Structure formats: structure tokens, C-alpha cells
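Beneath this line is the structure, given in C-alpha cells, with notes to follow.
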Amino acid sequence: MIKFALIKLLLMDDKIFQEKIDKDRKIEPKDWMPEKYRSHLIRQISQHAHSEIIGMQPEGQWISRAPSLRSKMILLAKVQDEAGHGLYLYSACETLGISRDQLISQLHSGAAKYSSIFNYPTLSWADMGAIGWLVDGAAIVNQVSLQRTSYGPYSRGMIKICKEESFHQRQGYEIMAELAKGTKEQKDMAQDALNRFWWPSIMMFGPHDADSPRSGNAMKWKIKRQTNDELRQSFIDKTVGQAEVIGLKIPDPDLKWNEKRGHYDFGEIDWEEFWNVVNGNGPCNKERLDHHINAHQEGEWVREAARAYANKQIKN
Ligand code: BYC
């Protein structure tokens, strides 16, 4: 009897929750939410946070090799912004009842993922351009959509992050535009970076909708407001013209404007490569994770000092 009453109550809660979502009301940390909604958000927001933090590595490697003081200052500011984005996102995630320590240990054990794109190496200065233009460009398309996500702290974090991402995208595009109008070697360098980063950038949006197991609940609960394929298409449509303006060629022989659809058609993505990278076997997966684990261990004394200071404040 009590069991049935409890199930009935839970179903009622579920119904009220879904009605709230359908009316586009935000869910806040103290509101009732289904356990699956909470764990879905923890997974997505933490992966997003880890991506920002791991994403500092491929660019960080070029800070000391930037070709001018101006470009060094801009790159430094961009990488610092990414640390900030990671912190907003970890804080948003913590409101769901998980600690920062738990989140980091999930990253280190491989239980939590981060974006596939950061497992590719950065071989030349032009890669800083390709990352800003394409990777931040793809991230903006995704994150503008996530500004309307149903979970309040995530949505508000996205609004702040998007303001900074548009500066990042312009920083990258400026590097590519400068190189593209430079010497032949510089233009070749820009084209080579575009060749290497194009396909991994469009993989960032995840598998096709039909192969995306998380999309059903994510769309029902308005965690995602657009599907992986819708966002990917929107990114491609925006970016093709930008490449044309600076005289670079997108490395896809099947890329063609489709008048009837009002979108670009594009070639088949190498899903084998994508899943290899997602499952830990990309060119830099080990290097990225090892670097994070080492930095975390070396930073133990800072956390210890901060804890000791906090305890002292409480006692006083
Ligand atoms: N990489 O059912 P699906 C940045 C996983 S950083 C790795 O479609 P979902 C920046 C997916 O997690 C911005 N894994 O999942 C920083 C799932 O596995 P699990 C990063 C991927 O969640 C520094 C499985 O595949 N942005 O901007 O509905 C410098 C099935 O996928 C990927 C975000 O994190 C991938 N690309 O959709 C510069 C945005 N794709 O968890 C720039 C927030 C899929 O079931 N995240 N998987 O084991 C999202 O919007 C969504 O989580 C995704 C995937 C679109 C990524």
C-alpha cells in the first residue's frame, strides 16, 4: 500500500516537473528533479568543464612561442578565459550535489570524458588560428543554443561564457586571415591547419542524431535545445563563407550548396576515428590526461594550504 502511494507521488512529481519544462521555466538547484535529469546534467556539465580545462593544454603549448608580444598577450588572455569557463562550469555542476574532488577523480579514472577535439596535437602557430576560428566557432554554436538549457545555473554560466567565446573566435579568424594573405609558406601553413582541424571540429557535435543515445532525454528535458546534426549543419553553413573570404579551401570534396535544403551538403564523417578518440585512443589522449594528473598532484600543497586557511577562519 505504502509502496503504491510512493510510486503515485513520484509519478505526480515527474508530471509537475515535465510541465514546468514544457512551460520553459528554469529548474533551480533546490527544486525537485528526477534522478536521471540530475545525473544527465552532472555528466554533460562535468564533461563540458573538463573540456575547457583540458582545452587549455594544446593552446598553452604555444604561449611561449607566439610570434609577437601582441599575439602572446591575446593567447594568454584566451587560455585564462578557458580556466574561468571551467570554474563556472564546475561550480554549476557542484549545485547538483557532487563535489569538485569527485568530478576530478572521474576525469582521472576515465569515467568522465572531455571533448574529442583536444586529443589532436597543435603542430604550428596556424593551429592557434584554426582552434580559435573552428573549435571556438563550433563551441559558440553549441553554447548559444545551451544558453536556453533548462537548468538555471548551466544556462546562466553559458550566457557569460558565450560573451568571451565570440572574442576567441575572432582571435582565431584574425590569425588565419593574416596568414592567408601572407607569403606562400604562411598561406600553406594556414591551409594545413584547416585541413587537420576541419573534420575533428565537425565531430565535436557528437554522433548523428540517429546514433545519439543521450539525445532523447536531453531534448525532452530541454537540456539540449537543438540536436547534434542541427548544430553541426548550422556551424558548417556559417563557416564555409568565412573560409572563402580569406581564400582557404575546406577539405571536403562533397561540400556543396543545396538550394532545395537551403544548407550545405557535406561528406561522410569518419566515425571510426571519432569513436577511437572518444574511447581514449586518439593521438594525444594519454598526454593530455597524464599532464592533468601530474599538475593536480603537484598542486596538492596549494589545496592543503587553502583548506588549512579555511579551517583557521572557521575556528576564529
Ligand atoms: N567528444 O548521445 P550523445 C571549448 C560522447 S570546450 C567526446 O550524442 P550528448 C573550448 C557523449 O558524451 C566545449 N565525447 O551525447 C575549450 C556520449 O558518451 P557518454 C566543449 C563525445 O551528451 C578550450 C556518447 O558520445 N563543449 O569550447 O547528448 C579551447 C554519445 O553521444 C563527443 C561541450 O562540452 C565529443 N565530441 O551529446 C577552445 C558542450 N560527442 O557520456 C574551446 C556540452 C559525443 O554517454 N556538451 N560524445 O559516455 C554537449 O553539448 C553534448 O554533451 C555533446 C554530446 C554534443 C558533446
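For ligands, and for the atoms within them, numbers begin at 1 and follow the listed sequence. Note that the structure is a prediction, hence the values are computed from the model and not measured. Start at 1 with the first residue, then count along the sequence.
- A salt bridge does not link Lys23 to Glu19: none of the charged side-chain nitrogens sits closer than 4.0 Å to a carboxylate oxygen.
- In this structure, Asp237 contributes its side chain and His263 its backbone to no donor-acceptor pair below 3.5 Å.
- Interface of Asp136 with ligand 1, defined as ligand atoms under 4.0 Å from a residue heavy atom, comprises 38 (C), 42 (C).
- Every atom of ligand 1 with a heavy atom of Tyr114 under 4.0 Å away is listed here by number and element: 1 (N), 7 (C).
- In terms of protein heavy-atom proximity, atom 24 (C) of ligand 1 is closest to Trp275 CH2, 4.0 Å.
- In this structure, Lys78 pairs ionically with Asp136, as a charged nitrogen and a carboxylate oxygen lie closer than 4.0 Å.
- The protein atom (non-hydrogen) at minimum distance from atom 32 (C) of ligand 1 is Phe274 CZ, 3.6 Å.
- Heavy atoms from both the backbone and the side chain of Arg214 come within less than 4.0 Å of ligand 1.
- Counting heavy atoms closer than 4.0 Å to ligand 1, residue Phe205 contributes backbone atoms (N, CA, C, O) but none from C-beta onward.
- Within the 4.0 Å heavy-atom criterion, the part of Glu165 lying near ligand 1 is the side chain and not the backbone.
- Ligand 1 lies out of reach of Met56, whose nearest heavy atom is not under 4.0 Å from it.
- Side chains of Ser150 and Lys26 form no contact here, defined as non-hydrogen atoms less than 4.5 Å apart.
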Go through the steps to decide whether Gln186 and Glu178 satisfy the test side-chain contact (heavy atoms from CB on, under 4.5 Å), and finish with yes or no.
CA-CA 9 Å; Gln186 286 172 322; Glu178 284 294 315; over 6 Å; no
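- Residue-level proximity to ligand 1 for Asn228 is carried by the side chain, the only part with a heavy atom below 4.0 angstrom.
- Glu300 and Arg307 are joined by a salt bridge, as a carboxylate oxygen and a charged side-chain nitrogen come within less than 4.0 angstrom of each other.
- Every N/O-N/O distance between Glu59 and ligand 1 stays at or above 3.5 Å.
- Of all protein heavy atoms, the one lying nearest to atom 43 (C) of ligand 1 is His48 ND1, 3.4 Å.
- The distance from ligand 1 to the heavy atoms of Pro207 drops below 4.0 Å at these ligand atoms: 8 (O), 31 (O), 44 (C).
- For Arg65, the CZ atom is densely surrounded, since the number of other residues' heavy atoms within 6.0 Å is greater than 12.
- Residue Lys224 places a heavy atom under 4.0 Å from ligand 1.
- For Gly55, no nitrogen or oxygen atom sits less than 3.5 Å from a nitrogen or oxygen atom of ligand 1, counting backbone and side chain alike.
- Between Glu28 and Arg156 there is a salt bridge, since a side-chain N of the basic residue sits under 4.0 Å from a carboxylate O of the acidic one.
- Closest heavy-atom contact between Arg288 and Gln57: O-NE2, 3.0 Å.
- Expressed to the nearest 0.5 Å, how far CG of Leu179 lies from CD1 of Ile175 amounts to 7.5 Å.
- Using a 4.0 Å cut-off between heavy atoms, Ala218 makes no contact with ligand 1 at all.
- Proximity of Trp133 to Thr239: side-chain heavy atoms (C-beta onward) are separated by under 4.5 Å at one or more points.
- In terms of protein heavy-atom proximity, atom 3 (P) of ligand 1 is closest to Ser212 OG, 3.4 Å.
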Could you walk me through whether Arg148 and Asp24 pass the salt bridge (Lys or Arg N to Asp or Glu O under 4.0 Å) check?
CA-CA 9 Å; Arg148 294 193 304 121; Asp24 274 341; 5.3 Å; no
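- Atoms of ligand 1 lying under 4.0 Å from any heavy atom of Lys113, numbered from 1 in the order shown and given with element: 14 (N), 18 (O), 19 (P), 48 (O).
- In terms of protein heavy-atom proximity, atom 4 (C) of ligand 1 is closest to Glu52 OE2, 3.9 Å.
- Taking distance alone, with nitrogen or oxygen atoms compared against 3.5 Å, Glu82 stays at or beyond that limit from ligand 1.
- Aromatic ring centres of Tyr90 and His50 lie closer together than 6.0 Å.
- Contact detail for Met33 and Leu96: the closest heavy-atom pair is SD-CD2, 3.9 Å.
- Counting the atoms of ligand 1 from 1 in the order shown, those under 4.0 Å from a heavy atom of Gly206 are 40 (N), 44 (C).
- Atom 20 (C) of ligand 1 has as its closest protein heavy atom Ser51 CB, 3.7 Å.
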Chi angles and distances behind the salt bridge (Lys or Arg N to Asp or Glu O under 4.0 Å) call for Arg38, Glu35
CA-CA 5 Å; Arg38 184 190 301 277; Glu35 245 345 274; 3.4 Å; yes
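- The shortest contact between atom 11 (C) of ligand 1 and any protein heavy atom is with Arg43 NH1, 4.0 Å.
- If you take CD1 on Ile202 and CD1 on Ile236, they are separated by 4.0 Å, rounding to the nearest 0.5 Å.
- Atoms of ligand 1 found under 4.0 Å from any heavy atom of Ser116, numbered from 1 in the order shown, are 1 (N), 7 (C), 35 (C), 36 (N).
- Among the atoms of Gln47, some N or O lies under 3.5 angstrom from an N or O of ligand 1.
- Among all non-hydrogen protein atoms, the one lying nearest atom 56 (C) of ligand 1 is Met204 O, 4.0 Å.
- Ligand-side atoms of ligand 1 in range of Asn142: 39 (C), 49 (C), 50 (O), range being under 4.0 angstrom from any heavy atom.
- Residue-ligand proximity: His85 is placed with every non-hydrogen atom at 4.0 Å or more from ligand 1.
- Near Ala139, with a cut-off below 4.0 Å to any heavy atom, the atoms of ligand 1 are 27 (O).
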